[in-house]
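Reading through the structure tokens given below for one structure.
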Amino acid sequence: MELPDRYNPKDVENRIYEWWLKGGFFKAEDKSTKIPFSIILPPPNVTGSLHLGHALNHTVQDVLVRWKRMQGFNVLWMPGTDHAGIATQSVVERELKKESKNRRDMGREKFVERVWEWKEQYGGRITEQMRYLGDSCDWDRLCFTLDDGVSKAVRKVFVDLYNKGLIYKGLKLINWSPALESAISDLEVEHKEVKGSIYHIRYPLADGSGHIEVATTRPETMLGDTAVAVHPDDERYQAWIGKQVKLPLTGRTIPIIADTYVDRAFGSGVVKITPAHDFNDYAVGQRHKLTMLNILNKDGTLNENGGAYQGKKVPDARKLVLADLEAQGFLVKTEPHTHQVGHCSRSGVVVEPYLSEQWFVKMAPLAAPAKRVVESGTVVFEPESWTKTYLHWMSIIEDWCISRQLWWGHRIPAWTCADCQKWTVSETDPTACSHCGSAKIKQEEDVLDTWFSSALWPFSTMGWPQKTELQDTFYPTSVLVTGFDIIFFWVARMIIMGLEFKQDVPFRTVYIHGVIRDAQGKKMSKSLGNAEDPVKLIEEFGADALRYTLLAQIAGGRDLKFSTQRLEGYRNFMNKLWNATRFSLNNLKDFTVPAEGLNALPNKSDMSDADQWIIYKLGVLEKEVDEGLRTYRFSDSTNAIYHFVWNIFCDWYLEFSKPVFLEGFDPKQKKATQLVLAQVLNRIVRLMHPFAPFITEEIYQKLPIRGEALIVESFPTVKLDKDLLALGVEEVAHNLDLVRETIAAIRNIRGENRIKPGVKIHVRLAPQDPRAQKVLGENKVAIMTLSRLEECSVGEAGDLAKCAVQPVQVKDMKVDVIVPLEGLVDIEEEVKRIRKAIEKLQKDVSLLTVRLADANFMANAPEDIVEQGKRQLTEAKAQIQTLDAALSRLI
RNA sequence: GCGCUCUUAGCUCAGUUGGUUAGAGCGCUACCUUGACAUGGUAGAGGUCACAAGUUCGAGUCUUGUAGAGCGCACCA
């Protein structure tokens, strides 16, 4: 079974994923002796397809889930999809339009049926795509927000809140999307800067005693004006308070009122009041009991109160009103004006403040405890800085408008009675009014905001309101992983509902990650055309490379810029690991696994310096990876692995192992190295599995030391590998550092002197102490191989004429590296090289001299820092001496 | 206006409680097909850490201010 020399993810990923599924490795146990760990997937829209944002979000969750699974936890990753009221309804309506149909002609029942058909046919796309990424969720538990169980939970919550007086229906000014013909919540309004105009309009006083000037950005709303307001202390207008003005174009008379809301300094200090079409004016209107005159229809056209402008859309009405005002001499002036205008985040159209009957959740009593659990640290945000944002929002929270004038969603479980007009609110469909017993009841047409059902997700997916073992085991969930954009939409509301209905928080930790941007830093979106399709990226580069790219960049929860270049780099990394495996397996062909398997230890006395060194480095790696995972600093973990695999394992350990595997070596040492190699490779794939699951599982299946399935093998830790790691002591590891430094010095001399790699050179190593002598002697063959030497002596310095010299020091071990250059190169290059080295050392020396001469430093700095400085100064001086001597021999 | 981030090599970013002479990847320069890998190897160039002041023996790191960028919330009609 020869491995191909390139890793081809396409040959691997599907096969491995199917194998995991068959093995049932993703399944959680309802009840178990194992410690539970649970995550609920933020349910993506059924209409959606996987984008990079999902890829990032899911990868983080999958990393946590796989890590905990390997650590022996009973892991539940609960998958699901969201019915996404507006989005899904829009998709199907667009389809209908192509068939020249519309939902109103079709009727509610038929239409909803049609949406279900659509969902059955296309709703599985995103969950299908999640498998390409490697998501290891418990698919048997897949939920949909309109499932029976979840719907029952939604109804119960609605009824309970209603009975507690926390849900009410009322006539209020709400945000209205004329495109959707539905209410939307405050959060669904995006404020965008718009360059418009401000118009100054003259309103004549009814008694003919003059006129008053108002300014507005929305002149058409004057048709709905029911007052004009000035500041009560404004001296200019004292005489006018209480008088009437005659509204141009309509001829209605409206009062001049006084209200402190008016800013005297802005404009003329007079404000027209349109209570039915502006939130501030609405508040003024309520204070003064003004008429609320609605001038709009649901579709954003003017209604019968619009007089001559009835039937016109707002922008058209605006033009006509302005033209008429101007013609009649009421328009004083027009000035350019930039201001924020609310747009519907779903449809993009301008949102209209609109007076209508809607259902609301009273937030104040619910928000208070939800605020407290974050303040007290029962729920922790990671990174912590989001805490403040959350708390700020919770303190300015308004009642939540939960009704939507749509058909796709949870229909509000409330019935009006034609006889007594009262509401019957019930978990099961009632047949009679609960107040008067009349059978003439009719269900509310509206459905609930999609986020209403999402708010219950952590427990509704676990069978609530039934009592279930699943809830006992997994609620509260362990971590919630999500983007900051839905902290308010979703996170806050889950905390509220969890506390209200489960008497406990829904999760302990909220990990907030950033948003993915393109290489230029722009937000990725379909409309901008800069969105990379993760499915295509996976096909080209592999899921592991994509996951690694995302993970390596999310430190600190900041936004990340996505570049294909980076992705290529991690694809190369996967290939590097693949080839390291190929090399290892080739050299392990005659290796027989000891009976102890995973716990097999080499004979310490048989181990080379390199063997001990790699074991020591492995211990460092295990610590780093664990630390990164525990602190949600995934990039620390992925970077540590990357560095270990490439720059430690491949660059040095495998290179050192090469001479060992050649003929003629001590068979005992070869055996030790084979065992170390097999053990280290085993640790690498286990450590890397949560981050790059496919390639590691594929490799694992080919390793000599392995179990059944990597996905459920134990995750390596310093504690678990205690015995193995005891074989790699830091002090001994320095031996190899000396060897590596020596090789680096030879290579540097070679490189700087432009000695071609083909030219075999002779090197003399002159150790300055017995330990260096021993270490270098033992590693002579490796040094020769790695720095391509023809000859190498360890001992006397010998004749130094026409030689390149480089002192090397690691801890107390010192060696002078001597390369005779006679006949090889122009001495000039070596002179330059030595001068450069001296220059650098001199900089160090002057810096250290100054520091050590500073009495304050000597008095205040800790002893070890001072000692370190002294040592470095001595060393640098000694090295300069050696180099100076070498230089003087050359010139 | 309030709040939160950010500013480090040509580019993208690490740099955890202040400790020496600031790192990585990509890109760049020169060289190399050596029996795992050219999706590779070796060597090298490249930074007054946005700016200013302060605290300190010592500041990329802490404090304050300035300038610039991004985001969230609330907004004057």
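Just so we're on the same page: letters track the sequence lines, and every chain starts at 1. Because only heavy atoms are used, hydrogens play no part in the values below, and waters and symmetry mates are left out as well, while side chains stay in.
Residue A:N860 contributes atom CG, which lies 10 Å from atom P of B:rU56 at whole-angstrom precision. Computed from coordinates, the A:I699 CD1 to B:rA36 P distance equals 17 Å when rounded to whole Å. The nearest whole Å value for the distance from the CD1 atom in A:I746 to the P atom in B:rA43 is 12 Å. Separating the NZ atom of A:K840 from the C1' atom of B:rA22 is a distance of 12 Å, rounded to the nearest angstrom. Per the geometry, CG belonging to A:N175 stands 13 Å off P belonging to B:rC73, to the nearest Å. One interatomic measurement links the two molecules: CG of A:L681 to C1' of B:rA36, which rounds to 12 Å at whole-angstrom precision. With rounding to whole Å, A:D5 atom CG is found 13 Å from B:rG35 atom C1'. In this entry the distance linking CG of A:L852 with C1' of B:rU21 reads 14 Å, nearest Å.
At the heavy-atom level, A:N748 lies under 4.0 Å from the strands shown only through sugar-phosphate atoms. Heavy atoms of A:H200 sit nowhere under 4.0 angstrom from any nucleic acid atom. Using a 4.0 Å heavy-atom distance criterion, A:R747 is classed as a sugar-phosphate-only contact. A:E655 comes within 4.0 angstrom of a base, heavy atoms only. Among the atoms of the strands shown, only primed sugar atoms or phosphate atoms (P, OP1, OP2) are found under 4.0 Å from some heavy atom of A:H339. Within 4.0 Å of A:A859, counting heavy atoms only, lies no atom of the nucleic acid at all. Within the 4.0 angstrom heavy-atom criterion, base atoms lie near A:Q872. Backbone-only engagement by A:T216 is indicated by non-hydrogen atom pairs under 4.0 Å involving sugar-phosphate atoms exclusively. Within 4.0 Å of A:D651, counting heavy atoms only, lie sugar-phosphate atoms of the nucleic acid but no base atom. Using a 4.0 Å heavy-atom cutoff across all strands shown, A:D854 reaches sugar-phosphate atoms only and no base atom.
Dashed line: the shortest gap from a side-chain N or O of A:K561 to OP1 or OP2 of B:rC13 is under 4.0 Å. Taking side-chain N and O atoms only, A:K836 has no distance below 4.0 Å to OP1 or OP2 of B:rG44. The side chain of A:W646 contributes an N or O atom lying less than 4.0 Å from OP1 or OP2 of B:rG41. Proximity of A:R633 to the phosphate of B:rG15: a side-chain N or O atom is located under 4.0 Å from OP1 or OP2.
Each of A:S385 and A:Y570 was assigned the nucleotide of RNA chain B with the nearest heavy atom; the assignment lying further toward the 5' end belongs to A:S385. Mapped onto RNA chain B by nearest heavy atom, A:Y7 and A:G751 fall at different nucleotides, with A:Y7 at the one closer to the 5' end.
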For A:F661 and A:L677: C-alpha separation, side-chain torsions, deciding distance, then whether side-chain contact (heavy atoms from CB on, under 4.5 Å) applies.
CA-CA 11 Å; A:F661 292 133; A:L677 178 61; 3.9 Å; yes

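The side chain of A:I396 lies closest to B:rA74 when the candidates are B:rA74, B:rU42, B:rA77. In this structure, of B:rC31, B:rU21, B:rC73, it is B:rU21 that holds the atom nearest to the side chain of A:R851. The listed nucleotides are B:rC37, B:rA77, B:rC31; the one nearest the side chain of A:K756 is B:rC31. With distances taken from any side-chain atom of A:R582 to the nucleotides B:rG19, B:rA77, B:rC37, the minimum falls on B:rC37. Checking B:rU12, B:rG35, B:rC6 against every side-chain atom of A:R558, the shortest atom distance belongs to B:rC6. Distance from the side chain of A:N856 is smallest to B:rC57 among B:rA77, B:rA14, B:rC57. Among the nucleotides B:rU5, B:rG40, B:rG19, the one closest to any side-chain atom of A:K576 is B:rG40. For A:N572, counting side-chain heavy atoms from C-beta on, the closest listed nucleotide (B:rC73, B:rG40, B:rC26) is B:rG40. Distance from the side chain of A:R517 is smallest for B:rC71 among the nucleotides B:rG27, B:rU21, B:rC71. The A:P757 side chain lies nearest to B:rC32 when the options are B:rA36, B:rA30, B:rC32.
The pairing partner recorded for B:rU66 is B:rA50, the criterion being a Watson-Crick or G-U wobble arrangement whose two distances lie under 3.5 angstrom. In this structure B:rG58 sits in no base pair that meets the Watson-Crick or G-U test at under 3.5 Å. Checking B:rC28 for Watson-Crick or G-U wobble geometry (two distances, each under 3.5 Å) identifies B:rG44 as its partner. Pair assignment for B:rG3 gives B:rC71, based on Watson-Crick or G-U wobble hydrogen-bonding distances that are each under 3.5 Å.
Using bins of under 30°, 30° to 60° and over 60° for the plane-to-plane angle, the ring pair A:F649/A:F644 lands in the parallel bin.
A gap of 43 Å separates the P atoms of B:rC28 and B:rU64, to the nearest Å. Straight-line distance between the P atoms of B:rG40 and B:rG25: roughly 12 Å, to the nearest whole Å. The separation of B:rU61 from B:rG15, taken at their P atoms, amounts to 14 Å, rounded to a whole angstrom. Here the separation of B:rC13 from B:rU17, taken at their C1' atoms, is 23 Å to the nearest Å. With P as the reference atom, B:rG18 and B:rG58 are 15 Å apart, rounded to whole Å. Straight-line distance between the P atoms of B:rA50 and B:rG10: roughly 13 Å, to the nearest whole Å. When the P atom is compared between B:rC51 and B:rG47, the two are found 14 Å apart, to the nearest whole Å. Atom name P, nucleotides B:rG65 and B:rU48: the rounded distance is 27 Å, in whole Å.
For A:K388 against B:rC4, a side-chain-to-base donor-acceptor contact under 3.5 Å is absent. Taking 3.5 Å as the limit, the base of B:rA14 and the side chain of A:Q553 contain no donor-acceptor pair of atoms between them. If you check distances only, the side chain of A:R6 does reach the base of B:rU39 with a donor-acceptor pair under 3.5 Å. Counting atom types as modelled, A:R788 pairs a side-chain N or O with a base atom of B:rU34 as donor and acceptor under 3.5 Å.
Both the sub-6.0 Å distance and the 45° axial angle are not jointly satisfied by A:R6 relative to the ring of A:W578. Both the sub-6.0 Å distance and the 45° axial angle are not jointly satisfied by A:K617 relative to the ring of A:Y653.
In the model, A:K561 has no side-chain atom that pairs as donor or acceptor with a side-chain atom of A:S563 under 3.5 Å.
Heavy-atom minimum distance, A:E829 versus A:E752: OE1-O, 3.6 Å. When all heavy atoms of A:A837 and A:Q806 are compared, the pair lying nearest together is CB-OE1, 4.5 Å.
A salt bridge is defined here as a Lys NZ or Arg NE, NH1 or NH2 lying under 4.0 Å from an Asp or Glu carboxylate O, and A:D844 with A:K840 fails to meet this definition. With respect to A:E655 and A:K658, a salt bridge is recorded, a charged nitrogen being found less than 4.0 Å from a carboxylate O.
Ring centroid separation for the pair A:F691 and A:F634 does not come in under the 6.0 Å cut-off.
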